[in-house]
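Residues take their numbers from the sequence shown, with the count starting at 1. Since the structure is predicted, the reported quantities are computational estimates derived from the model, not experimental observations.
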Amino acid sequence: MQPNNDTWISEFFLLGLSEEPELQPLIFGLFFSMYLITVFGNLLIILAVSSDSHLHTPMYFFLTNLSFIDICVTSTTIPNIVINIQTQSKVITYAGCITQMYFFIIFSGLDIYLLSVMAYDRFVAICHPLQYMVIMNPQLCGLLLLVSCIANILHSLLQTSIMLQLSFCREVEISHFFCELNHMIQLACSDTFLNNMVMYSAALLMGGGPFAGILYSYSKIVSSILGISSAQGKYKAFSTCASHLSVVSLFFCSGLGVYLSSAAPQSSHSSAVASVMYTVVTPMLNPFIYSLRNRDIKRALKRFFGVPVM
C-alpha cells in the first residue's frame with residue numbers, strides 16, 4: 001500500500017492532545033484507565049446478556065453488538081496513543097495511519113447505524129407491541145446488522161481508496177491523537193476537492209440518514225406515549241427507551257461539538273479534545289447508562305456474579 005506522493009512519506013507524527021512533557025503522564029493515565037473501563041464495562045454487558053436467556057431479545061441483541069463496536073472503536077485509537085506516550089514516540093507509519101483510519105470509519109459508522117436500528121426497535125416495541133416479536137424477528141435483526149456492516153465497509157473502502165490518491169509534502173504533523181479523515185485531507189498538498197466532496201456527502205448520507213431515522217422513530221414514540229392514559233403506563237413506556245435516548249444524546253451532542261470545533265478557526269487542538277468525547281468518553285459511559293437505568297441488565301449482572309436476585 002504505497003502513497004502516490006511526489007515526496008515519499010513513510011510516516012506521520014501524531015501530536016496528541018498536548019506537547020507539554022509534564023502533561024504526558026496525566027494523559028497516559030487518563031487514556032489507559034478509560035480504555036480499561038471501556039473494555040471491562042462493555043464486556044460485562046456482553047457476558048451478562050449472553051448468559052441470561054431472558055435477555056435473548058432483539059433489544060439486547062443490538063445492545064451486545066453496540067458494546068462490541070464500542071470496544072472496537074476505542075481499540076483503534078487508544079492503544080496507539082498510550083504506546084506512543086510510553087515509548088515517547090509520536091510516529092505512526094503511513095500504512096498504520098491508513099489502516100487506523102479504515103477501521104475507525106467502519107466502527108464509528110456502525111455505532112451510528114446501531115443507534116438508529118435500536119431506535120427503530122424501540123419504535124416497534126412501543127407503537128406496535130402486539131406485533132413486536134413478529135416484526136423484529138431474528139432474520140430481520142440479522143439483516144439489519146449485515147446491511148449496516150456492508151454499508152460501512154464499502155464507505156470506508158471508498159474513503160481510504162481516494163485518500164491513497166493524495167500527495168503529502170513535508171508537513172506530516174497531525175494535530176490529533178489518531179489519524180482522523182478530515183485532518184489527513186487538510187495535510188495533503190494535492191487537490192482535495194474530490195475527497196472533500198465525498199467526505200461531506202458521506203457525512204450527510206451515512207450520518208444524517210440514521211439521525212433522521214432516530215428523530216422519526218422518537219417522534220412516533222412520543223406521540224404514542226402521550227396517547228397512554230395512565231401516568232404509570234407513560235412512565236413504563238418511556239423507561240424502556242430512556243437508556244437509548246441518553247446514549248443517542250451523548251453521542252450526537254459530542255459529534256456536533258467536534259463538527260463545530262473543526263469549523264472554527266485554529267481548531268486543530270479543540271477538535272482533538274472534542275473528539276475524545278465520542279471516541280473515548282461515550283463508549284466508556286454506555287455500559288454505566290444501560291446498567292444503571294435497566295433493571296434487566298442489573299439482574300443479569302447479579303446472576304452472572306452469583307449475587308442473589310430479589
Side-chain angles (χ1 to χ4, degrees), residues 31 34-35 37-39 41-43 45-46 59-78 101 103-123 144-145 148-149 151-152 155-156 176-178 180-182 199-200 202-219 221-222 238 240-263 270-294 297:
F31 272 84
M34 286 192 292
Y35 181 65
I37 293 170
T38 300
V39 172
N42 283 287
L43 274 178
I45 295 291
I46 295 171
M59 174 183 174
Y60 295 107
F61 168 76
F62 293 123
L63 176 58
T64 53
N65 281 281
L66 180 67
S67 296
F68 174 73
I69 296 302
D70 281 340
I71 294 174
C72 294
V73 168
T74 53
S75 296
T76 59
T77 57
I78 298 182
M101 184 193 307
F103 284 107
F104 181 78
I105 292 173
I106 290 177
F107 296 133
S108 59
L110 275 171
D111 244 342
I112 299 173
Y113 270 58
L114 279 173
L115 289 174
S116 177
V117 170
M118 291 172 76
Y120 175 71
D121 173 76
R122 293 299 84 205
F123 157 71
L144 289 171
L145 182 61
S148 299
C149 290
N152 283 284
H155 170 227
S156 186
H176 215 298
F177 63 94
F178 70 99
E180 197 265 338
L181 177 64
N182 186 45
M199 181 177 65
Y200 290 118
L204 184 63
L205 181 64
M206 305 293 288
F211 184 62
I214 291 172
L215 290 178
Y216 176 79
S217 295
Y218 273 103
S219 67
I221 288 172
V222 170
F238 178 76
T240 63
C241 56
S243 298
H244 177 259
L245 188 58
S246 301
V247 172
V248 168
S249 301
L250 183 62
F251 183 88
F252 281 98
C253 286
S254 59
L256 181 62
V258 172
Y259 173 79
L260 293 176
S261 62
S262 64
S270 59
S271 177
V273 173
S275 296
V276 175
M277 281 299 298
Y278 80 95
T279 59
V280 183
V281 177
T282 301
M284 180 184 68
L285 293 180
N286 285 356
F288 294 100
I289 293 172
Y290 276 102
S291 60
L292 292 175
R293 287 180 170 270
N294 192 302
I297 292 292

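Interatomic distance, OG1 of Thr64 versus CD1 of Ile69, reported as 10.0 Å (0.5 Å rounding). Taking CZ of Phe107 as the start and OG of Ser156 as the end, the distance is 9.5 Å to the nearest 0.5 Å. Taking CE of Met118 as the start and CG of Asp121 as the end, the distance is 7.5 Å to the nearest 0.5 Å. Annotation: the span from Leu110 atom CG to Phe68 atom CZ amounts to 10.0 Å, rounded to 0.5 Å. With values rounded to the nearest 0.5 angstrom, Ser291 atom OG is found 5.5 Å from Ile45 atom CD1. Atom OG1 of Thr282 and atom CG of Asp111 lie 8.5 Å apart (nearest 0.5 Å).
A donor-acceptor pair is defined here as one N or O able to donate and one able to accept, closer than 3.5 Å; no such pair exists between the side chain of Ser75 and the backbone of Cys72. Side-chain atoms of Asn152 come within 3.5 Å of backbone atoms of Ser148 as a donor-acceptor pair (strictly under, hydrogens ignored). At distances below 3.5 Å, at least one donor-acceptor pair connects side-chain atoms of Asn42 with backbone N or O atoms of Pro283. Between the side chain of His155 and the backbone N or O of Ile106, no donor-acceptor pair lies under 3.5 Å. Under a 3.5 Å cut-off, the side chain of Ser116 and the backbone N or O of Ile214 do not form any donor-acceptor pair.
Nearest heavy atoms, Ser246 versus Ile289: CB-CG2, 3.9 Å. Smallest separation of non-hydrogen atoms from Ser217 and Ala119: CB-O, 3.7 Å. The two residues Met206 and Ala151 make their nearest non-hydrogen contact at CE-O, 3.8 Å. Contact detail for Met284 and Thr38: the closest heavy-atom pair is CB-OG1, 3.2 Å. Residue Asp70 comes nearest to Asn286 through the heavy atom pair OD2-ND2, 2.7 Å, listed as atom of the first residue, atom of the second, then distance.
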For Leu115 and Phe211, what are the C-alpha separation, side-chain angles and deciding distance, and is it a side-chain contact (heavy atoms from CB on, under 4.5 Å)? CA-CA 9 Å; Leu115 289 174; Phe211 184 62; over 6 Å; no

Show the numbers, then the answer: is there a side-chain contact (heavy atoms from CB on, under 4.5 Å) between Leu145 and Phe61? CA-CA 10 Å; Leu145 182 61; Phe61 168 76; 3.8 Å; yes

So Ile112 and Phe252, side-chain contact (heavy atoms from CB on, under 4.5 Å) or not? Walk me through it. CA-CA 9 Å; Ile112 299 173; Phe252 281 98; 4.0 Å; yes

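Classified by interplanar angle (parallel below 30°, tilted 30° to 60°, perpendicular above 60°), the ring pair Tyr218/His244 is parallel. By the 30° and 60° cut-offs, the orientation of the rings of Tyr120 relative to Phe123 is tilted.
Side-chain contact between Thr279 and Phe104 is present, with at least one heavy-atom pair separated by less than 4.5 Å. Side-chain contact between Tyr113 and Leu144 is absent, with no heavy-atom pair separated by less than 4.5 Å. Inter-residue side-chain proximity for Tyr278 and Val73 is flagged as unmet; no heavy-atom pair is nearer than 4.5 Å.
Partner Ile78 forms a side-chain contact (heavy atoms from CB on, under 4.5 Å) with one of Phe178, Tyr35, Phe177 and no other, that one being Tyr35.
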